[in-house]
Each structure stands twice: as structure tokens, then as C-alpha cells.
Amino acid sequence: MRAHLSKQSNPLAVVRNLGILAHIDAGKTTVTERMLYLAGATYKRGEVHDGTTVTDFDSQERDRGITIFAAAVSCAWDGHRVNLIDTPGHVDFSDEVERSLRVLDGAIAVFDAVAGVEPQSESVWRRADRYGVPRIAFVNKLDRAGADLDAAVESIRRRLHKAPLVVQLPIGQEDRFAGVVDLVRMRALVWAGDVCQEGPVPEDLLDEARRRRTLLEEAVSELHAEALEEFCSQPSISDRTLAAALRDLTRSGAGLVVLCGSAYRNRGIEPLLDAVVAYLPSPLDVPSVRGEDGAERAADPEAPLAALAFKVSSTATGRLTYLRVYSGTMRKGDTVLDTGAGRTERVSRILRVQADRHTEVDQAVAGDIVAVAGLKSARPGTTLCAPEAPLVLEPPGAADPVVSVAVDARTSTDADRLASALARLAEEDPSLTVRTDAETGQTLLSGMGELHLEVAVEKLRRDHGLTVAMGRPQVAHRETVVRGVSGLLYRHVKQDGGGTISIH
């Protein structure tokens, strides 16, 4: 089922920009890894526990076994270019998710088949609601003991979305999970190793598959006018009408397509990729971006340039600014206006990103997610546009820090470099703030949680070569009069060779 794109530029209709969202340990990175492998973007399946995944390339991510930094990758599937952003699942790194959601057209929400909806699942779901990002759901880990698709779907119905539309039926349970029944096309997909085999629905599941197909048709008909018309006039809804209705409901947010599988065992990923292509929107299907002055820019390569920076990182080769291009075309050597700094800058290089690997390209067009080298002042949330057609896009929201620690350099040499290193950290991650306490003189680093701050301090040590100590902030204690006292009178009389002195 591998598919590759031609070298020619693809029209916007075959581009999908999506993120992978979930609670920590639900399997986001493994899902991303399997999608890249099956699409032919990688030749080997990486594993989180081995530290060999494409998107968890940072040394801290591999040491801790979790995703810390949002990583962009791309692959080709069925003639479409799929741009993926694997986002963190830990609550301390929710700002990374926020900035990624701001530039995405769609998302895959991954759920654990045993745990169902977890706290961070709900948090990232609400953030996606805020930006109106269409989603499909993937219930992962059906091979685990205690896995229950129906229970997971019910938790989605209660806590996230009132209309989950389950389009698959598992074949086998827990360690016997072998494949799925596609309820849209009424076919069985069974995996033997990495090979997906298509066949008729097994006899022992045929009645249950028909019952669930009927329930799916009824649920879709309640939400989609064309499907309702066919449902009332025909014995059943055709596969074509059902697929079209699922696409419309996904893009409007009225319905949530739910698929299932086991990413670790490589089961269910091909139909997930098919669903991404079939149901999630292209840049042409989402509304035109609107500037703060009300001006709109359509997803047109010929329109004036409008792009939003959502991530900044420092690499061995220099500073990279990650952009989503909404309209126009950005070419190597172009001069762009940084509306945040109010200055123009030159684009020295444009890079197609594959996690920590980059391929230089000559241009980026509307719908692309790329990295740009050469920008000195751009920050996350900065709008880059054509100088003759200025536009300011709404930046992603930044959360207020909740925890602070004191950081101190061990040596005088490191003390001189610490301030610039902290400034660079805060530049890359807007949820980090740095300040000097005027009373204690301590340098305080504030962030979203203890793990967030530990990662930041470790980054100072590894990437900047600083010997840094981290501790609790000191508290400046003061003494003051709390309240006045009345009802007491004392007279002190003292005579020292002269007149009497009275003090009251």
C-alpha cells in the first residue's frame, strides 16, 4: 500500500496538514512512526523504547521516552502529501501543542483502548475546539489486555463529542486482535506481519457488522441531509454517499469518525492514512485566514505572501524558524516583512523538514509547512508577509507560567554566558520566562511545570555547555508592625545628674 508523490508540485487539493494529539503514552509517536514507514518515508520502523523514532530525535526525548518538542515530518500517500506534526502529550508541554494547532488544518486524536479519554486528551481537545480544527479519532492499543473499543467510544461520547461515528469493527480481542471490518465498504482487513490482506467479512462477524453498519447509517442520517434523503428512499445508504457524508461531517465538526487498531503491532495504520486523505480537509477546504484588520487571504500561491511562524529552534547550522505559509509564494532570497518587529528580513534558505533532517527547496507555496533560515527577529506568533501587502495574523495564545526555579551558574565564566543562553531559551519557548528578583538577586526561570523546567535546565547543560545549578527561589522576609496597641500607659522616669526626663 505504499505510495509516492511525483517530483512535480502538487495542487493544494492533495495536501493535508495535520497533527497527532493525545494524552501521554497513548501512542502518538508510534502512530506517526508507522505512518512514515508504510508511506515509504522511512525504511525501518522506529520504536520509542529503543530511542529510534524519527520524531523523538532530541537526546532528552530518547532518554525520557516521551515527546517533548513538536516535530514536523512529511510523507506521501495515495497521491497526497501529508504534513504531520507529532505533538507532546505531557501537560507541561501544552504550549507546544497550542502553537502547532494554530497552523494545522486537521488532526488525529489518539486514545488508549483501555483508558479511553484521559485528562490531557480532554485538554488538547478543547484547544483544538478553540481553533476549529477538524479531527478524526484513532483508538489505539486494541491488543492490550482490557482493551474495549465500545467503552473507549462511550467515554468520547460523554466527555468530548456527542456524535462519534465508528466506521470499523475489530476482528479479535486483546492479544487475538488481528484486523478490522471496514463498515463503510463492508470488507475485512487482516494483517499478517506488515502485510494487509483484504477479504470478505468473516461469517461469524457478518451479522454484527451489518448491525453496526445500520447504526452508522442511522447516526449519519441524523446529521446529514443528503444521507437522510437516501436513507429514507433506499434500503441502505450507498458507500459513496456514506463516505461523502462522513467527509462533510468531519470537516464541519458535526461528526467524529472513529477508527481503531494497534500501532505497535502495525495494524490499522493503512486505513487510518486512507481516512486522513478521505475525510480531513486540504488548505482549500478551510476558511481564508483573516488579519487583525479584517483583511482576508485565500490559499492561493499567486496571492500576496502571508505566513505565520509557530516555532523557533537553534541548530548546529544556525537559527531555524518554522512557518505555515497561508497564501502566496516564498522564494529563496526574497525579502519579507516581519510585522512583529516592524522590519524586513531576507530569506536565505527554505527547508523541507523531516524531524531533525532538512532538504533545501527553492520555494514554499500556500499550504506548505517549512523551516526558514536567515530570519533574525522572528518569534513564535510572528506574521511574515509581503512588504507591499502587510498583514498581521492572530498569534497562538501563550499560557502564563505556574512554577519557578532559581538558576545559578557554578563558575564565573558560565555566569557571563548564562543570561544569553536563558534569553535564547525564552525566545524558542514563549511559555518560559526569565527574570531577576529585585530583592534576592536570584535569576528565576518560570515555566509550566517541574518537568518543563528540568528539561529547560538540562538543555542549558547539554546544548550550551553550562554548569548550572537549579534550586528553589528564596523568599525575602520582612518585619513590619501588624497592628496598633491601645489601653496601656507607661511612664519611664530617668534622672542622670540633671533634670528629670519623662518618656511616655
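On a predicted model such as this, the values are computed, not experimentally measured, just so you know.
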Trainee: Partners of R247 by side chain to side chain donor-acceptor pair (under 3.5 Å), sequence neighbours excluded?
Mentor: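 None.
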Trainee: Does a donor on one side chain sit under 3.5 Å from an acceptor on the other, for D86 and T29?
Mentor: yes
Trainee: Take a 6.0 Å sphere around CG of D293 and say whether it holds more than 12 heavy atoms from other residues, nucleotides or ligands.
Mentor: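 Atom CG in D293 is packed in, count exceeds 12.
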Trainee: More than 12 foreign heavy atoms under 6.0 Å from CD of Q173: is that the case here?
Mentor: no
Trainee: Salt bridge check, R265 against D143: does any charged N sit closer than 4.0 Å to a carboxylate O?
Mentor: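 A salt bridge is present here (some side-chain N lies under 4.0 Å from a carboxylate O).
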Trainee: Are the side chains of T87 and I85 in contact, using a 4.5 Å heavy-atom criterion?
Mentor: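 They are in contact (side-chain heavy atoms under 4.5 Å apart), so the answer is yes.
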Trainee: Verify the distance criterion only: is there a donor paired with an acceptor across the side chains of S377 and E345 at less than 3.5 Å?
Mentor: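 A pair is found: one side chain offers a donor N or O, the other an acceptor, under 3.5 Å apart.
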Trainee: So how far is it from W191 CH2 to N266 CG, rounded to the nearest 0.5 Å?
Mentor: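 Rounded to the nearest 0.5 Å, the CH2-CG separation comes to 9.0 Å.
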Trainee: Apply side chain to side chain donor-acceptor pair (under 3.5 Å) to R127 and list each qualifying residue two or more places apart in sequence or on a separate chain.
Mentor: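 By the side chain to side chain donor-acceptor pair (under 3.5 Å) rule, R127 matches S94, E98.
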Trainee: Charged N to carboxylate O under 4.0 angstrom, D175 versus R144?
Mentor: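 Salt bridge between D175 and R144, a charged N being under 4.0 Å from a carboxylate O: no.
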Trainee: With no hydrogens and no angle check, just 3.5 Å: does a side-chain donor-acceptor pair link D248 and H224?
Mentor: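 A donor-acceptor contact under 3.5 Å links the two side chains.
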Trainee: Using modelled atom types and a 3.5 Å cut-off, is there a donor and acceptor pairing between side-chain atoms of Q168 and backbone atoms of L183?
Mentor: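 Not a single qualifying donor-acceptor pair exists.
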Trainee: Looking at R126 and E122, does any basic side-chain N land under 4.0 Å from a carboxylate oxygen?
Mentor: yes
Trainee: Whether the side chain of R159 engages the backbone of V117 through a donor-acceptor N/O pair (distance < 3.5 Å, no angle test) should be reported.
Mentor: yes
Trainee: Between E154 and R157 (salt bridge meaning N to carboxylate O under 4.0 Å), is one present in this structure?
Mentor: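 Judged by the 4.0 Å cut-off on N to carboxylate O distance, E154 and R157 do form a salt bridge.
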Trainee: Between R267 and F177 (side chain of the first, backbone of the second, donor and acceptor by atom type, cut-off under 3.5 Å), is there such a pair?
Mentor: yes
Trainee: Check whether the side chains of H452 and D429 place a donor and an acceptor atom closer than 3.5 Å, and report yes or no.
Mentor: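 H452 vs D429: donor-acceptor pair found between side chains.
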Trainee: Would a distance-only check, ignoring hydrogens and angles, find a side-chain to backbone donor-acceptor pair under 3.5 Å from N17 to L104?
Mentor: no
Trainee: Side chains of R213 and L215, heavy atoms from C-beta outward: is any pair under 4.5 Å?
Mentor: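 No, their side chains stay 4.5 Å or more apart.
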Trainee: Got a salt bridge between R187 and D239, using NZ or NE/NH1/NH2 to carboxylate O under 4.0 Å?
Mentor: no
Trainee: Tell me the closest heavy-atom pair linking P271 and L259, and the distance in Å.
Mentor: O-CD2, 3.8 Å
Trainee: Between T339 and T383 (side chain of the first, backbone of the second, donor and acceptor by atom type, cut-off under 3.5 Å), is there such a pair?
Mentor: yes
Trainee: Could you tell me whether a side-chain N or O of H161 sits under 3.5 Å from a main-chain N or O of G253, the two making a donor and an acceptor?
Mentor: yes
Trainee: Measuring from R102:CZ to R324:CZ, what's the distance to the nearest 0.5 Å?
Mentor: 9.5 Å
Trainee: At what distance, to the nearest 0.5 angstrom, does CG of L249 lie from CG of L256?
Mentor: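 Between atom CG of L249 and atom CG of L256 there are 10.5 Å.
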Trainee: Considering only NZ, NE, NH1 and NH2 on the basic side and carboxylate oxygens on the acidic side, decide whether R251 and D285 come within less than 4.0 Å.
Mentor: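 Salt bridge: yes.
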Trainee: Can a side-chain donor-acceptor contact be found between T53 and E33 if the only test is distance below 3.5 angstrom?
Mentor: no
Trainee: Are the charged groups of E394 and R290 less than 4.0 angstrom apart, N to O?
Mentor: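 No, E394 and R290 are not salt-bridged.
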